[in-house]
Amino acid sequence: MLIDNHHRVHNYLRVSLTNNCNLRCFYCMPNEELPYTPPASLMQVDEIEVIAKTFVDLGVTKIRLTGGEPLVRKDAAEIIERLSKYPVELTITTNAVRLHDFFDLFIKTGIRSLNISLDTLQSQRFKDITKRDNFQLVYDNLLRAVELGFSVKVNVVTMKGVNDDEILQFVELTKNLRLHIRFIEFMPFSGNQWKNENVIGWQEILKIVGDAYDMVPLVRNAHDTAKKYKVIGHEGTFAVISTMTSPFCGDCNRMRLTADGKMKNCLFSKGENDLLAALRRGDDIQPLILQNIKSKAAERGGQITKDFKTADAFTMENRSMINIGG
Ligand code: SAM
Ligand code: SF4
């Protein structure tokens, strides 16, 4: 089992398949074009499988594929087929631009739950945020996923002055659709234009919803990152992921593997262990995994203090979100 120095058992691995993406969300990636990562520097299919298997042998029971956009990788289908053979809950976080090509594969491989990112219900605003004109495609794929019976969580990075005027419209979607809206507090990463003034926190979001609807809190399950609620009478639910104003690190069970094969024990960790280089040298990667877990900080990688307002995306030692894998 993977237990850190704060007695937390780690059984959930997020694997980034690529740092490439078909959208350009300003909060996720630097403004300038990302340097091209040669495919040889990325984990290849066999390598992903070997590393994932090592984690499964160490007690991992859930794997989420992410990126960049995981579905732009040419061999995404093969990776999904291979990982679906292991005794884990396999899930995926996607921007849904290519989702229509993958529904059959997901059904065949037992993927039942999808996290879909969508920050606005307005076509022009979608273009402003992502620099691509794909709103209708993404929205249609989202509705299709619900229709096909997938459990769908919608990730909405909620930012003051950008899309906070749409909070109620997103909650209204849960009236007749069985989906789970998750408002994510805006987080600072290298090069992502984060400003404390743009953060709209959990309590503010609750006030906006509470002033408009009768709602009830839902039970928190162990390891939940989301504080969950339901508007009375609605089919779906909504939640806030309050990383900035009320972190949930106390029972964190998550680890990350970047597309170039580095292990990170937290979204905000400074340190990384290069599992891919070790694997390619023919070394056993288990000791590196254990070392990485033992070095995990108690909260937010030790990089964001209780007063998150003092955080500075420029001086934090980290990658951009697109290079980590969300
Ligand atoms: N491309 C896929 C997608 O967008 O769903 C997967 C990768 S993306 C990095 C994973 C999640 O991280 C998305 O839901 C995205 O909205 C979120 N994210 C990216 N940058 C963020 C930031 N600065 N603050 C909060 N969430 C962020
Ligand atoms: Fe791409 Fe997802 Fe980042 Fe947007 S949030 S740029 S879709 S990786």
Chi angles and distances behind the side-chain hydrogen bond (donor to acceptor under 3.5 Å, both in side chains) call for Glu172, Tyr213:
CA-CA 10 Å; Glu172 189 60 21; Tyr213 294 100; 2.3 Å; yes

Take Glu185 and Thr245, measure what side-chain hydrogen bond (donor to acceptor under 3.5 Å, both in side chains) needs, and give me the verdict at the end.
CA-CA 8 Å; Glu185 292 178 355; Thr245 65; 2.6 Å; yes

Might you work through the side-chain hydrogen bond (donor to acceptor under 3.5 Å, both in side chains) test for Tyr27 and Asn198, ending with a clear yes or no?
CA-CA 11 Å; Tyr27 53 74; Asn198 291 124; over 6 Å; no

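Residues Leu267 and Ile92 are members of separate hydrophobic clusters, defined by side-chain heavy-atom contacts under 4.5 angstrom among Ile, Leu, Val, Met, Phe, Trp and Tyr. When the side chains of ILVMFWY residues are joined at heavy-atom separations under 4.5 Å, either directly or via intervening members, Trp202 and Ile167 end up in a single hydrophobic cluster.
Of the possible donor and acceptor atoms, one in the side chain of Thr54 sits under 3.5 Å from a partner among the backbone N and O of Val50. The backbone N or O of Arg8 sits less than 3.5 Å from a side-chain atom of His10, completing a donor-acceptor pair. A donor-acceptor contact shorter than 3.5 Å is absent between the side chain of Asn292 and the backbone of Leu288. Asn141 contributes a side-chain N or O that, together with a main-chain N or O of Ala96, makes up a donor-acceptor pair within less than 3.5 Å. Remark: side-chain polar atoms of Asn5 are paired, donor with acceptor, to backbone N or O of Lys294 under 3.5 angstrom. One N or O on the side chain of Lys230 and one on the backbone of His234 form a donor-acceptor pair closer than 3.5 Å. With His180 contributing its side chain and Ser151 its backbone, the two residues share no donor-acceptor pair below 3.5 Å.
The existence of a salt bridge linking Glu204 and Lys207 is excluded, since no basic side-chain nitrogen approaches an acidic carboxylate oxygen closer than 4.0 Å. Between Asp46 and Arg82 there is a salt bridge, with a side-chain nitrogen of the basic residue lying less than 4.0 Å from a carboxylate oxygen of the acidic one. The pair Lys53-Asp57 meets the salt-bridge criterion, with a side-chain N (NZ, NE, NH1 or NH2) lying under 4.0 Å from an Asp/Glu carboxylate O. Classification of Arg98 and Glu69 as a salt-bridged pair fails, no side-chain N sitting under 4.0 Å from a carboxylate O. Salt-bridge formation is not detected for the pair Lys85/Glu49: no Lys NZ or Arg NE/NH1/NH2 atom is positioned less than 4.0 Å from an Asp or Glu carboxylate oxygen.
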With a 3.5 Å cut-off and sequence neighbours excluded, list the donor-acceptor pairs that the side chains of residues 109-116 form with protein atoms.
| residue | atom | partner | partner atom | Å |
| --- | --- | --- | --- | --- |
| Thr109 | OG1 | Leu105 | O | 2.8 |
| Thr109 | OG1 | Phe106 | O | 3.4 |

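In this structure, Met1 belongs to a hydrophobic cluster whose other members, linked by side-chain heavy atoms under 4.5 Å apart, are Ile3, Val9.
Taking the side chain as every heavy atom from C-beta outward, Leu17 and Ile48 approach each other to under 4.5 Å.
In summary, of the residues considered (Lys264, Arg254, Met255), a side-chain contact (heavy atoms from CB on, under 4.5 Å) with Arg14 occurs for Arg254 alone. With Lys262 as the fixed residue, the side-chain contact (heavy atoms from CB on, under 4.5 Å) test singles out one of Glu272, Met43, Arg256: Glu272.
In Arg178, the CZ atom is not crowded: 12 or fewer heavy atoms of neighbouring residues, nucleotides or ligands sit closer than 6.0 Å.
Using cut-offs of 30° and 60° for the angle between ring planes, the Trp194 and Phe186 rings count as tilted.
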